[in-house]
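Within every chain, numbering begins at 1; the chains are lettered A, B, ... in the order of the sequence lines, protein sequences first and strands thereafter. Hydrogens, waters and symmetry mates play no part in the numbers below; they use all other heavy atoms, side chains included.
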Number of protein chains: 2
Amino acid sequence: MKYCSISEASAQFNIPESTLRYYEKKGLLPLIERDGAGRRLFSEDQMALLNTVICLKNTNMPIRGIKQYIDWVVEGDSTIGLRLEMMKNHKQTVLAEISLMTESLEGIDFKISRYTKQRTQTRSGE
Amino acid sequence: MKYCSISEASAQFNIPESTLRYYEKKGLLPLIERDGAGRRLFSEDQMALLNTVICLKNTNMPIRGIKQYIDWVVEGDSTIGLRLEMMKNHKQTVLAEISLMTESLEGIDFKISRYTKQRTQTRSGE
DNA sequence: ATACGACTTAAACCATGGTTTAAGTCAACA
DNA sequence: TGTTGACTTAAACCATGGTTTAAGTCGTAT
């Protein structure tokens with residue numbers, strides 16, 4: 001099993017070391033081992049878990065939601081039902097967010113096309 | 001021309017009155033008129049502008065970005081080129097955000113399908 | 001005329017998600 | 001052996017985006 005230092009984990013996920021320490025403190029990266037000098041060792045399992053944390057973060061799940069999920073992962077198989085329900089709910093939340101952004105983007109596209117015309121024709125408006 | 005009170009604007013866009021006041025204070029809603037008692041009057045133009053502000057907010061443009069845009073709107077036609085450039089850039093930012101979310105959603109879908117199987121079969125894993 | 005509801009302000013407060021700082025430890029290399 | 005670089009901690013600090021509070025004003029219905 002290969003281990004990563006915090007700087008390697010930071011580089012691989014392009015996340016500041018300070019953020020990784022913050023995530024550990026918040027309970028998003030539990031059970032991280034240490035070497036003899038107290039330095040963090042990220043196992044492959046931890047790197048996979050970090051990847052999951054980042055997926056959830058990328059989809060705007062709040063820290064305490066991610067923590068709940070991680071707590072359930074640590075708790076074991078008995079929480080699979082809860083995790084499944086959480087992921088299904090989260091997926092719906094994310095799809096709604098994407099829809100809202102996509103819809104709002106139409107308003108932006110409308111401005112782009114209006115401004116594109118106006119720039120050459122010299123007209124007025126908001 | 002019909003005018004809206006702050007409570008009507010709040011209801012129409014489903015935004016708290018406190019947030020509308022905050023936006024005005026931040027310069028996102030300039031030139032809002034007042035009645036004899038000092039109460040805000042939202043004209044149709046202001047409601048249209050508020051709609052634009054909300055579009056930009058829905059797509060996660062920071063307040064100071066929205067303010068810059070609004071400042072340019074107020075400044076007039078000479079800023080159409082700047083506004084066009086801003087909206088084009090913003091569109092790319094939004095598309096990138098949507099891509100990241102969509103991509104991260106795949107990791108979530110993977111968990112959903114794994115957990116769905118595991119729930120009936122009793123297996124182990126993260 | 002008075003009480004109510006809707007509005008006003010400035011300022012304080014809050015949550016979220018980090019980032020930065022200060023002081024210190026340790027391993028390895030010159 | 002001593003200095004350098006990577007790491008450690010706790011705590012302070014910061015930005016963003018509001019929300020809440022306190023105190024007061026106005027118009028209208030009773």
Side-chain angles (χ1 to χ4, degrees), chain A residues 3-43 46-47 50 52-70 90 93-94 97 100-101 104, chain B residues 3-43 46-47 50 52-70 90 93-94 97 100-101 104:
Chain A
Y3 286 93
C4 285
S5 68
I6 194 170
S7 60
E8 289 166 337
S10 167
Q12 283 193 36
F13 289 106
N14 199 27
I15 301 255
E17 298 181 12
S18 64
T19 301
L20 295 176
R21 295 193 188 99
Y22 170 74
Y23 285 173
E24 191 195 17
K25 191 163 59 174
K26 285 292 183 175
L28 272 42
L29 302 172
L31 315 176
I32 297 247
E33 298 173 59
R34 306 296 167 118
D35 69 7
R39 284 170 293 191
R40 290 168 182 80
L41 294 175
F42 290 76
S43 69
Q46 294 293 335
M47 293 295 274
L50 177 51
T52 299
V53 167
I54 290 168
C55 262
L56 296 176
K57 194 177 69 76
N58 284 344
T59 51
N60 302 318
M61 182 180 284
I63 298 278
R64 65 172 162 283
I66 303 177
K67 173 162 168 45
Q68 174 66 85
Y69 176 78
I70 296 296
H90 182 54
T93 302
V94 175
E97 277 182 66
L100 181 60
M101 291 180 82
S104 300
Chain B
Y3 286 94
C4 284
S5 68
I6 195 170
S7 61
E8 288 165 338
S10 168
Q12 282 192 37
F13 289 106
N14 199 28
I15 301 253
E17 297 182 11
S18 63
T19 301
L20 294 176
R21 294 191 188 102
Y22 170 74
Y23 285 173
E24 191 195 18
K25 191 163 59 173
K26 286 292 183 175
L28 272 44
L29 302 173
L31 315 176
I32 296 246
E33 297 173 60
R34 306 295 168 119
D35 69 9
R39 283 171 295 191
R40 288 168 184 80
L41 294 174
F42 290 75
S43 70
Q46 294 293 335
M47 293 295 273
L50 177 51
T52 300
V53 167
I54 290 169
C55 263
L56 296 175
K57 194 176 70 78
N58 285 344
T59 51
N60 302 317
M61 181 178 285
I63 299 277
R64 64 170 162 284
I66 302 177
K67 172 161 168 47
Q68 174 66 86
Y69 176 78
I70 296 295
H90 182 55
T93 302
V94 175
E97 277 181 67
L100 181 60
M101 292 180 82
S104 300

Between dT16(D) (C1') and Leu28(B) (CG): distance, integer Å:
13 Å
Say you draw a straight line from CZ of Arg21(B) to CD1 of Ile6(B); how long is it, rounded to the nearest 0.5 Å?
4.0 Å
Verify the contact: side-chain N or O of Tyr23(B) to OP1 or OP2 of dG18(D), cut-off strictly under 4.0 Å; return yes or no.
yes
Is it true that, when you exclude Asn14(B) itself, more than 12 heavy atoms of the residues, nucleotides or ligands shown sit nearer than 6.0 Å to its CG?
no
Atom pair distance, as rounded to whole Å: CD in Glu33(B) and P in dT8(C)
14 Å
Starting the side chain at C-beta, find the nucleotide from dG17(D), dT16(D), dT9(D) nearest to Arg21(A).
dT9(D)
Given Arg40(A), which partner from the list Glu24(A), Gln46(A), Glu33(A) fulfils the side chain to side chain donor-acceptor pair (under 3.5 Å) test?
Glu24(A)
Measure from CG on Asn60(B) to P on dA15(D) and round the result to the nearest Å.
20 Å
Distance, rounded to the nearest Å, where Lys67(B) contributes NZ and dG17(D) contributes C1':
16 Å
Under 4.0 Å, counting only non-hydrogen atoms across every strand here, what does Thr19(A) touch: a base, just sugar-phosphate, or nothing?
sugar-phosphate
Every protein N/O lying under 3.5 Å from an N/O of nucleotides 24-30 of chain D:
none

Quick one: Tyr22(A) OH to dT21(C) P, roughly how many Å, whole number?
18 Å
Looking only at the side chain of Lys25(A) (C-beta and beyond, no hydrogens), which of the listed nucleotides dA11(D), dT16(D), dT8(D) gets closest?
dA11(D)
Could you pick out which residue, Pro62(B) or Arg40(A), lies toward the 5' side of DNA chain D when each is mapped onto its nearest nucleotide?
Arg40(A)
Side-chain donor/acceptor of Ser10(A) to backbone N/O of Ile15(A), under 3.5 Å:
yes
Any side-chain heavy atom of Tyr23(B) sitting closer than 4.5 Å to one from Ile66(B)?
no
Pick one: which of Ile63(A), Leu50(A), Leu20(A) meets side-chain contact (heavy atoms from CB on, under 4.5 Å) with Leu28(A)?
Ile63(A)
Would you mind reading off the distance between Glu24(B) atom CD and dT19(D) atom P, rounded to a whole angstrom?
16 Å
Of Leu29(A), Leu31(A), Val53(A), which meets side-chain contact (heavy atoms from CB on, under 4.5 Å) against Ile70(A)?
Val53(A)
Nearest to the side chain of Ile6(A) - dT8(D), dG18(D), dG18(C)?
dT8(D)
What nucleotide among dC7(C), dT20(D), dT9(D) has an atom nearest to a side-chain atom of Ser5(B)?
dC7(C)
Once you round it to whole Å, what is the distance between P of dG18(D) and CD of Glu17(B)?
16 Å
Starting from P on dA6(D), measure out to CZ on Phe42(A) and report it in whole angstrom.
17 Å
